[in-house]
> 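This is the structure I have questions about; it appears just below.
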Protein chains: 2
Amino acid sequence: MGATKSDLFTKKQNNLANMAKALAHPARIAILQELIKLNACVCGDLVTELGLAQPTISQHLKELKNARLIQGTIEGTSVCYCINPKVWNEYKQILSGFFAEVKLKSDCC
Amino acid sequence: MGATKSDLFTKKQNNLANMAKALAHPARIAILQELIKLNACVCGDLVTELGLAQPTISQHLKELKNARLIQGTIEGTSVCYCINPKVWNEYKQILSGFFAEVKLKSDCC
DNA sequence: TCCTTTTATTGCAATATTACGATTAATATG
DNA sequence: CATATTAATCGTAATATTGCAATAAAAGGA
């Protein structure tokens, strides 16, 4: 025990949960917002901007990359990251689709 | 180490991350969808519907209650749960607000 | 009151996540 | 080539999450 029993749920449910998991850390939210703000991409500036150590930032970047929300290109010795707009939109669609499922009446209990 | 360093981030960032965390498990997604589908509230039917043990479901319900997404009322020996429409809308607003931050141009890298 | 039904809580094991020091890999630059 | 710069990876410690058996708590009915 201890591991999520993904096989009990549909692909869509697991997918949605994984999307939420990618956003479920304030450092990753902060990274995404920083990438949005600077539009042009940043790299190790994130390390100085947020107060976390370089390996920690690198790990969060890796997760965001796995979640396909960001992409990075090597530029000399540094790496330039930015939002993947296509996937960003995909997230937006799927998440707002989930919240649209409720045609909210008054609470029933 | 091991614990999230919440003090490095803004209230909004932590709040958004916590909202995402509430959704970051397929069982909780499934519970919410079941509550939406049956509109009227369910209780221990969730245990038979999803394949998880009763204490596990109870724990997920507790987290959803902490996240204020659902509310429960005691009805005899059983408990009736349903979506909290007000908070549901709040989540919808805040999340879609986050995704709206990107005025997506082409990718920059 | 005793029993049944239903849900919550406790305690614990397994696994996942977060964070960082130390190191490595890759690329510039002198 | 030697050295500096930047980012990724490795290893590990601390903490959090997931899941369930066992048990407790609450309420209804015999």
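Values below: all heavy atoms of this structure, side chains included; hydrogens, waters and symmetry mates excluded.
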> I need the NZ-P distance between B/Lys21 and C/dA16, as an integer number of Å.
17 Å
> At under 4.0 Å between heavy atoms, what does B/Thr56 touch on the DNA or RNA strands: base, sugar-phosphate, or nothing?
base
> Of the candidate nucleotides C/dA19, C/dT7, D/dT18, which contains the atom at the shortest distance from the side chain of A/Gln59?
C/dA19
> What integer distance in Å separates B/Leu61:CG from D/dG19:P?
13 Å
> For B/Phe9 and for B/Ser78, find the nucleotide of DNA chain C with the closest heavy atom, then tell me which residue's nucleotide is more 5'.
B/Ser78
> Would one find a side-chain N or O of A/Lys5 under 4.0 angstrom from OP1 or OP2 of D/dC20?
yes
> Provide, to the nearest angstrom, the distance between the CD atom belonging to A/Glu75 and the P atom belonging to C/dA28.
11 Å
> What is the distance from atom CD of B/Glu63 to atom CD1 of B/Ile70, rounded to the nearest 0.5 Å?
10.5 Å
> From B/Leu50 CG over to B/Ile31 CD1, what is the distance, rounded to the nearest 0.5 angstrom?
6.0 Å
> How about B/Leu16 and B/Leu95: do any of their side-chain heavy atoms sit closer than 4.5 Å?
yes
> Please report, rounded to the nearest Å, how far the P atom of D/dC20 is from the CG atom of B/Leu50.
11 Å
> When only distance counts, do a donor and an acceptor, one from the side chain of B/Gln54 and one from the base of C/dA8, lie under 3.5 Å apart?
yes
> Within this structure, what is the CG-to-C1' distance between A/Leu64 and D/dA8, rounded to whole angstrom?
15 Å
> Within the pair A/His60 and C/dA19, is there a side-chain N or O less than 4.0 Å away from OP1 or OP2?
yes
> Taking only the side-chain nitrogens and oxygens of B/Lys62, find out if one of them lies under 4.0 Å from OP1 or OP2 of C/dT7.
no
> Could you state the atom-to-atom distance from CD1 of A/Ile57 to P of C/dA19 in whole Å?
9 Å
> A/Ser58 near the nucleic acid: base, sugar-phosphate alone, or nothing, with a heavy-atom cut-off under 4.0 Å?
base
> Between D/dA7, D/dT18, C/dA19, which one does the side chain of A/Thr4 approach most closely?
D/dT18
> How long is the span from the CD atom in A/Glu34 to the CD1 atom in A/Ile83, to the nearest 0.5 Å?
11.0 Å
> Without decimals, in angstroms, what is the distance between A/Ile70 CD1 and D/dA7 C1'?
13 Å
> Given C/dA19, is OP1 or OP2 found less than 4.0 Å from the side-chain N or O atoms of A/His25?
yes
> I want to check one thing: is the phosphate of D/dA7, taken as OP1 and OP2, less than 4.0 Å away from some side-chain N or O of A/Thr77?
no
> How close or far is atom P of D/dA7 from atom CD of A/Glu63, stated in whole angstroms?
18 Å
> Would you mind telling me which residue lines up with the more 5' stretch of DNA chain C, B/Pro55 or A/Ala27, judged by nearest nucleotide?
B/Pro55
> Taking only side-chain nitrogens and oxygens of A/Tyr81, does any of them come within less than 4.0 Å of OP1 or OP2 of D/dA8?
yes
> Using a 4.0 Å heavy-atom cut-off, does A/Leu52 contact any base of the nucleic acid, only the sugar-phosphate backbone, or nothing at all?
sugar-phosphate
> Angle class for the A/His25/B/Phe9 ring planes (parallel below 30°, perpendicular above 60°, tilted otherwise)?
perpendicular
> A side-chain contact here means heavy atoms from C-beta on lying under 4.5 Å apart; do B/Leu69 and B/Trp88 qualify?
yes
